[in-house]
Trainee: 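Pasting a structure here, questions to come.
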There are 2 protein chains.
Amino acid sequence: MAKTAQSSGSRMRGIDRVVEILEVLREIGVPTQVGQLAARLNAPRSSIYEVIGSLAAAGILEVNPNTGEVFFGLASYFHGAAYARQNPIIGLGAEEVNRLGRATGETAELCTLIKSRYAIVHSMPGNSLLRMETKPGFTLPVPWTASGRLLVAHMSREEVEALIAPEDFNLPNGVTLSPDAFHDEVRAADAQGLCVTSGILDNFTKCIAVPIRSTFGQNVATLCFVVPVAIEPAREEALVAALRESQRRLSQYPASILAPGA
Amino acid sequence: MAKTAQSSGSRMRGIDRVVEILEVLREIGVPTQVGQLAARLNAPRSSIYEVIGSLAAAGILEVNPNTGEVFFGLASYFHGAAYARQNPIIGLGAEEVNRLGRATGETAELCTLIKSRYAIVHSMPGNSLLRMETKPGFTLPVPWTASGRLLVAHMSREEVEALIAPEDFNLPNGVTLSPDAFHDEVRAADAQGLCVTSGILDNFTKCIAVPIRSTFGQNVATLCFVVPVAIEPAREEALVAALRESQRRLSQYPASILAPGA
DNA sequence: ATAAAGTGTCCGGTATTTCGGACACTTGTT
DNA sequence: AACAAGTGTCCGAAATACCGGACACTTTAT
């Protein structure tokens, strides 16, 4: 995804190598050999060995001594746990997602923004045959999702356009969305406190999302269902009602819990 | 804690700064200002600003724009989630800890080794007034805990002595443990599949631990209770039985789940 | 007001680090 | 057996990233 960096030519900072390695491991999602990482990053193997050695010594990465594969280490887990402790909405929202998933059998997700992309924070896969990629950490351009529209709904049009890269308006279904049209959809989503998109990611899925608002009016996260486009209207209404109930439960928490840093 | 590093004098690598910053944030456990981090690391403020800028741009750290405080970011959470996904024992063990805590009202913990220290991976605080530091990510020298004895029980005496720093045998209660005595305790713990220590961390606590063994015979983690030293024998037996039941449930998983990288 | 302490930013020089390439091994295929 | 592809380690040279120090502001205390 995203920038291939200015990798060629001159030497690159160790810190940037660290960031690159962690990012690519998150994308790949499974233990990976050093050589493959180097190839994927177009980085010299010697540098990557060096960096990984340091990170492994710190427990941030772990190297499987048998296979030579590299992946996140226990220290990374602790860092994530510390983040979750400071941001209770993660745990509370994950609980609601699990509840929604169990109650309805549909795929439910907790989403938010990371940098300028939509990201899945937690998901509960449903019973249906329809399966989206729902790993936590998976990211997509904002305009590709219903949740994305809600997550930028509290921003001004200028802020939104500064945030989103022009090419992100080219949807995977082939449509190119104009900034005007996107802006209108965002405004509508904000007004209704609900966003439903059909057939953007592919021809078979519909996303139904509601925002979690802090008392400052910021949309700090969304809850959403991913369902087949052909879902019956009555069923869809029931799912929206379920989302609203979870939304209500989360929205009762003070802003200090929903958005500790704002 | 641990090494103050060779911080003074010469220039330090950016990568090492990254590691230091993440480590100190884990130790402190709360959002912290850049100046305080620099002071704690005795590092030049300009360098720390620089490094934090890069890590924040990557989402690994987040800077609170109002207070200037720095802490882990959402990307760190995703890295931790990826680790947990590859190491299911984390989730399974945490579930057992919660069950143990709810069933008994005592403080229960899931522990393992990180580098050469004992680390709390997950904990459920009990009802009693007695409260130990139980944040995930908190670490102690191996000889200070019952779990520590079990976690090194599958190693040879030489491996153990290479792992543990000599000063770690100075217990917080003032006793200095000889390597011989420690070795005997480890052997006894291994033979019984149980370890109980009293009054090591302070005069009022007792730790009761059982190992989670992979089918390779490696002790990959422990489950333990932290209770008052004066606990009644019958109660202690009941707690041991509860630990054994959880241990049995976890031990039924194949080695590939308990220790994916081994 | 004045002072003191802390924050965030910028800059040039040099001590350090990244890179490219080579080497010895291992593994698996022809 | 010979070969190809990949892993892990080491090295010197050149490019540059880190440090020290300075500056302009803001906040709090005297």
Side-chain angles (χ1 to χ4, degrees), chain A residues 3-25 28 30-73 261-262, chain B residues 3-25 28 30-71 73 260-262:
Chain A
K3 73 280 156 164
T4 343
Q6 67 301 351
S7 37
S8 68
S10 72
R11 83 189 254 233
M12 177 171 289
R13 276 218 307 184
I15 297 184
D16 295 330
R17 292 292 184 205
V18 171
V19 168
E20 278 188 343
I21 290 170
L22 296 176
E23 236 165 40
V24 78
L25 281 176
I28 297 177
V30 292
T32 305
Q33 299 214 107
V34 180
Q36 295 191 41
L37 290 175
R40 179 135 177 177
L41 298 170
N42 288 29
R45 286 187 314 128
S46 53
S47 301
I48 302 302
Y49 270 105
E50 170 84 31
V51 173
I52 285 177
S54 293
L55 296 179
I60 294 171
L61 297 181
E62 280 172 16
V63 180
N64 182 324
N66 304 320
T67 65
E69 288 170 329
V70 177
F71 204 59
F72 295 106
Chain B
K3 72 281 156 157
T4 342
Q6 67 301 349
S7 37
S8 67
S10 71
R11 221 177 130 186
M12 180 169 288
R13 274 215 306 185
I15 297 184
D16 295 330
R17 292 292 184 206
V18 170
V19 168
E20 278 188 343
I21 290 170
L22 297 176
E23 235 165 41
V24 78
L25 282 176
I28 296 177
V30 292
T32 304
Q33 300 214 104
V34 180
Q36 295 190 42
L37 289 176
R40 178 135 177 179
L41 298 170
N42 324 22
R45 286 185 315 128
S46 53
S47 300
I48 302 301
Y49 270 104
E50 169 86 32
V51 172
I52 286 177
S54 293
L55 295 180
I60 294 171
L61 297 181
E62 281 172 15
V63 179
N64 182 325
N66 304 321
T67 66
E69 288 170 330
V70 177
F71 204 59

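Bear in mind that the values here come from a model prediction, so they are computed numbers and not experimental data. All chains are named by letter (A, B, ...) in the order of the sequence lines, taking the proteins before the strands, and each is independently numbered beginning at 1.
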Trainee: Quickly work out the A:Arg13 CZ to C:dT16 C1' distance and round it to whole Å.
Mentor: 14 Å

Trainee: How long is the straight-line distance from CD1 of B:Ile60 back to CD1 of A:Ile15, given to the nearest 0.5 Å?
Mentor: 10.5 Å

Trainee: Rounded to whole angstroms, how far apart are CD1 on B:Ile48 and P on D:dG20?
Mentor: 11 Å

Trainee: What's the CD-P distance between B:Glu50 and D:dT16, to the nearest Å?
Mentor: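 It works out to 15 Å between those atoms.
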
Trainee: Using 0.5 Å steps for rounding, measure from the CG atom of A:Leu37 to the CD atom of A:Glu69.
Mentor: 10.0 Å

Trainee: Is there a donor N/O on one and an acceptor N/O on the other, under 3.5 Å, for the side chain of A:Arg11 and the base of C:dT17?
Mentor: yes

Trainee: Would A:Thr32 and A:Arg40 count as a side chain to side chain donor-acceptor pair (under 3.5 Å) if you check the C-alpha gap in whole Å, the side-chain angles of each, and the deciding distance to 0.1 Å?
Mentor: CA-CA 11 Å; A:Thr32 305; A:Arg40 179 135 177 177; over 6 Å; no

Trainee: Should A:Ser46 be listed as having a side-chain N or O under 4.0 Å from OP1 or OP2 of C:dG20?
Mentor: no

Trainee: Working note: A:Val18 + B:Val19, criterion side-chain contact (heavy atoms from CB on, under 4.5 Å); need CA distance, chi angles, decisive distance, verdict.
Mentor: CA-CA 10 Å; A:Val18 171; B:Val19 168; over 6 Å; no

Trainee: Measure CD1/A:Ile52 against P/D:dT9 and give the value in whole Å, please.
Mentor: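 It works out to 12 Å between those atoms.
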
Trainee: To the nearest Å, give me how far apart CE (B:Met12) and P (C:dT17) are.
Mentor: 10 Å

Trainee: Could you tell me the separation between the CD1 atom of A:Ile21 and the P atom of C:dT18, rounded to a whole number of Å?
Mentor: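 Going from A:Ile21 (CD1) to C:dT18 (P), I get 11 Å.
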
Trainee: Might you list the N or O atoms of the protein lying below 3.5 Å from N or O atoms in nucleotides 4-7 of chain C, with each pair's distance?
Mentor:
residue, atom, partner, partner atom, Å
C:dT7, OP1, B:Gln33, NE2, 3.1

Trainee: Applying the side-chain contact (heavy atoms from CB on, under 4.5 Å) test to A:Arg17, which of A:Leu55, A:Leu22, A:Val51 qualifies?
Mentor: A:Val51

Trainee: As an exercise, state the distance from CZ of A:Phe72 to CG of A:Leu61, rounded to the nearest 0.5 Å.
Mentor: 7.0 Å

Trainee: Quick one: B:Ile15 CD1 to C:dT17 C1', roughly how many Å, whole number?
Mentor: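 Value for this atom pair: 9 Å.
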
Trainee: Specify the separation, in whole Å, of atom CG of B:Asn42 and atom P of D:dC18.
Mentor: 18 Å

